[in-house]
Amino acid sequence: MTRPVNLILLGPPGAGKGTQARMLEERFGLVQLSTGDLLRGAVAAATPAGLAAKAVMEAGELVSDEIVLAVLKERLAQPDVGKGVILDGFPRTEAQAEALDALMDETGGKIDCVISLEVEDDAMVARVSGRYTCAGCGEGYHDEFKQPATAGVCDQCQSTEFSRRADDNAETVRTRLEAYHTQTAPLISYYRGRGTLVGVPAMADIDQIAKDLGKVVSGLMRG
Ligand code: AMP
């Protein structure tokens with residue numbers, strides 16, 4: 001018997017939250033819920049939230065809790081979240097963590113586990129600066145660490161279109177790392193205090209980290 005679980009992935013930009021969330025989604029049927037992706041969608045669609053968030057995101061700073069919570073709540077209202085979610089990039093501040101607690105109380109849901117991906121900052125600038133995504137299916141690649149088997153063709157969907165995020169440049173990554181350390185890293189002790197924190201070393205290769213995370217998630221699903 002398995003049950004749906006709700007997870008939070010914590011870690012600085014470049015820790016591999018998005019990559020690992022996609023792998024967990026595929027393996028366990030959980031739903032990846034990235035506030036960064038939701039906000040980029042809002043920017044692309046030029047919604048009022050997107051228009052307000054665009055410049056803040058390009059500068060590598062945090063978007064206001066009000067906007068982030070609004071896009072998150074809208075997404076959480078969709079029925080597929082009943083399969084269990086992997087929150088990727090949320091919460092990022094203590095106020096957001098408290099808002100999430102309140103939301104869980106309201107909906108009768110619960111965060112089963114908070115996984116902190118443990119990495120070294122020095123490696124993050126190179127990891128983030130070289131990354132790009134398939135425009136067709138969203139598969140992630142990296143100039144140095146993960147190239148498609150055939151150059152210029154996505155392994156998953158054979159698309160030849162790729163995109164790079166506007167905020168994935170060395171200067172903005174440094175601002176994002178600083179935002180992580182000042183505003184988000186305190187959440188590690190917040191969740192440790194609640195007994196839901198698990199630390200997973202995340203400097204190894206992608207498949208090894210996926211195996212380690214898989215063990216944590218299968219354990220949770222078995223209850
Ligand atoms: P990410 O895709 O998680 O790296 O997020 C990209 C950018 O979106 C961040 O640098 C922030 O500007 C914004 N963002 C994403 N999630 C949040 C959040 N939970 N709170 C505030 N800003 C966020």
Side-chain angles (χ1 to χ4, degrees), residues 6-22 24-25 31-76 81 85-104 111 114-117 119 121 123-135 138-142 163-188 190-191 202:
N6 295 317
L7 308 173
I8 293 173
L9 284 187
L10 272 184
K17 300 184 297 296
T19 304
Q20 294 298 336
R22 281 174 67 88
L24 289 172
E25 182 173 62
V31 176
Q32 176 190 12
L33 222 158
S34 151
T35 43
D37 284 349
L38 294 173
L39 290 166
R40 280 183 287 279
V43 171
T47 64
L51 293 174
K54 187 171 188 284
V56 181
M57 292 173 77
E58 280 170 5
E61 286 159 13
L62 293 190
V63 172
S64 73
D65 290 346
E66 193 192 346
I67 291 179
V68 176
L69 281 163
V71 295
L72 181 76
K73 278 188 186 166
E74 197 182 318
R75 180 64 186 86
L76 283 174
V81 301
V85 297
I86 310 159
L87 290 173
D88 154 11
F90 183 93
R92 257 183 164 91
T93 62
E94 205 158 309
Q96 290 182 9
E98 284 162 3
L100 180 63
D101 287 343
L103 205 63
M104 290 289 131
I111 298 296
V114 180
I115 300 177
S116 166
L117 297 177
V119 291
D121 255 28
M124 295 305 107
V125 177
R127 272 202 197 176
V128 175
S129 310
R131 68 187 185 183
Y132 58 98
T133 307
C134 169
E139 182 71 3
Y141 293 97
H142 194 281
S163 64
R164 285 181 197 260
R165 280 170 47 174
D167 60 348
D168 276 353
N169 58 76
E171 195 195 336
T172 312
V173 177
R174 286 196 189 91
T175 311
R176 288 162 59 200
L177 278 171
E178 202 181 306
Y180 175 77
H181 286 293
T182 54
Q183 290 162 280
T184 310
L187 294 181
I188 294 175
Y190 180 91
Y191 286 116

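When a ligand or atom number is given, it counts from 1 through the structure's own listing order. FYI, side chains are in, hydrogens and waters are out, and symmetry mates aren't considered; it's all heavy atoms of this structure.
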Practice problem: Check salt bridge (Lys or Arg N to Asp or Glu O under 4.0 Å) between Glu25 and all other residues, then give those that pass, not counting sequence neighbours. | Solution: none
Self-check item: Close side-chain approach of His181 to Asp121, heavy-atom, < 4.5 Å
Solution: yes
Quiz item: Which one holds for Leu39 and ligand 1: side chain close, backbone close, both close, or neither close, with close meaning a heavy atom under 4.0 Å?
Solution: side chain
Self-check item: Per-atom contacts of ligand 1 with Arg40, taking only distances under 4.0 Å to non-hydrogen atoms
Solution: 2 (O), 6 (C)
Quiz item: Is Glu178 salt-bridged to Arg174, cutoff N-O under 4.0 Å?
Solution: no
Self-check item: Contact check: Glu61 vs ligand 1, nitrogen or oxygen atoms, below 3.5 angstrom
Solution: yes
Quiz item: Is there a donor-acceptor contact under 3.5 Å from the side chain of Ser163 to the main chain of Ala135?
Solution: no
Practice problem: For Arg165 and Asp37, run salt bridge (Lys or Arg N to Asp or Glu O under 4.0 Å): C-alpha distance rounded to whole Å, both residues' side-chain angles, the deciding distance at 0.1 Å, then the answer. | Solution: CA-CA 11 Å; Arg165 280 170 47 174; Asp37 284 349; 5.7 Å; no
Quiz item: Side chain, backbone, both or neither: which part of Val68 comes within less than 4.0 Å of ligand 1 when only heavy atoms are counted?
Solution: side chain
Quiz item: Going by distance only, is there an N or O of Asp37 that falls short of 3.5 Å from an N or O of ligand 1?
Solution: no
Exercise. Kindly indicate whether the side chain of Leu87, heavy atoms from C-beta on, has any atom under 4.5 Å from the side chain of Asn6.
Key: no
Quiz prompt | Any N or O of Gly89 closer than 3.5 Å to N or O of ligand 1 | solution = yes
Quiz prompt | Distance filter under 4.0 Å to Gln96 heavy atoms, resulting ligand 1 atoms | solution = 18 (C), 19 (N), 20 (N), 21 (C)
Quiz prompt | Distance-minimising heavy-atom pair for Ser34 and Arg40 | solution = OG-NH2, 4.3 Å
Practice problem: Give the residue and atom name of whichever protein heavy atom lies nearest to atom 15 (C) of ligand 1, and the separation in Å to one decimal. | Solution: Arg92 NH1, 3.3 Å
Quiz item: Heavy-atom contacts under 4.0 Å between Thr93 and ligand 1: side chain, backbone, both, or neither?
Solution: neither
Practice problem: With heavy atoms of Asp167 as the reference, note each atom of ligand 1 found under 4.0 Å away. | Solution: 6 (C)
Quiz item: Would you say ligand 1 has an N or O under 3.5 Å from any N or O of Arg165?
Solution: yes
Quiz prompt | Side chain to side chain, Gln20 and Ile115, heavy atoms closer than 4.5 Å | solution = no
Self-check item: Asp101 side chain near Tyr190 side chain, heavy-atom distance below 4.5 Å
Solution: yes
Practice problem: Specify the protein heavy atom at minimum distance from atom 7 (C) of ligand 1: its residue, its atom name, and the distance to 0.1 Å. | Solution: Met57 CE, 3.9 Å
Quiz item: Is any N or O atom of Val63, backbone or side chain, closer than 3.5 Å to an N or O atom of ligand 1?
Solution: yes
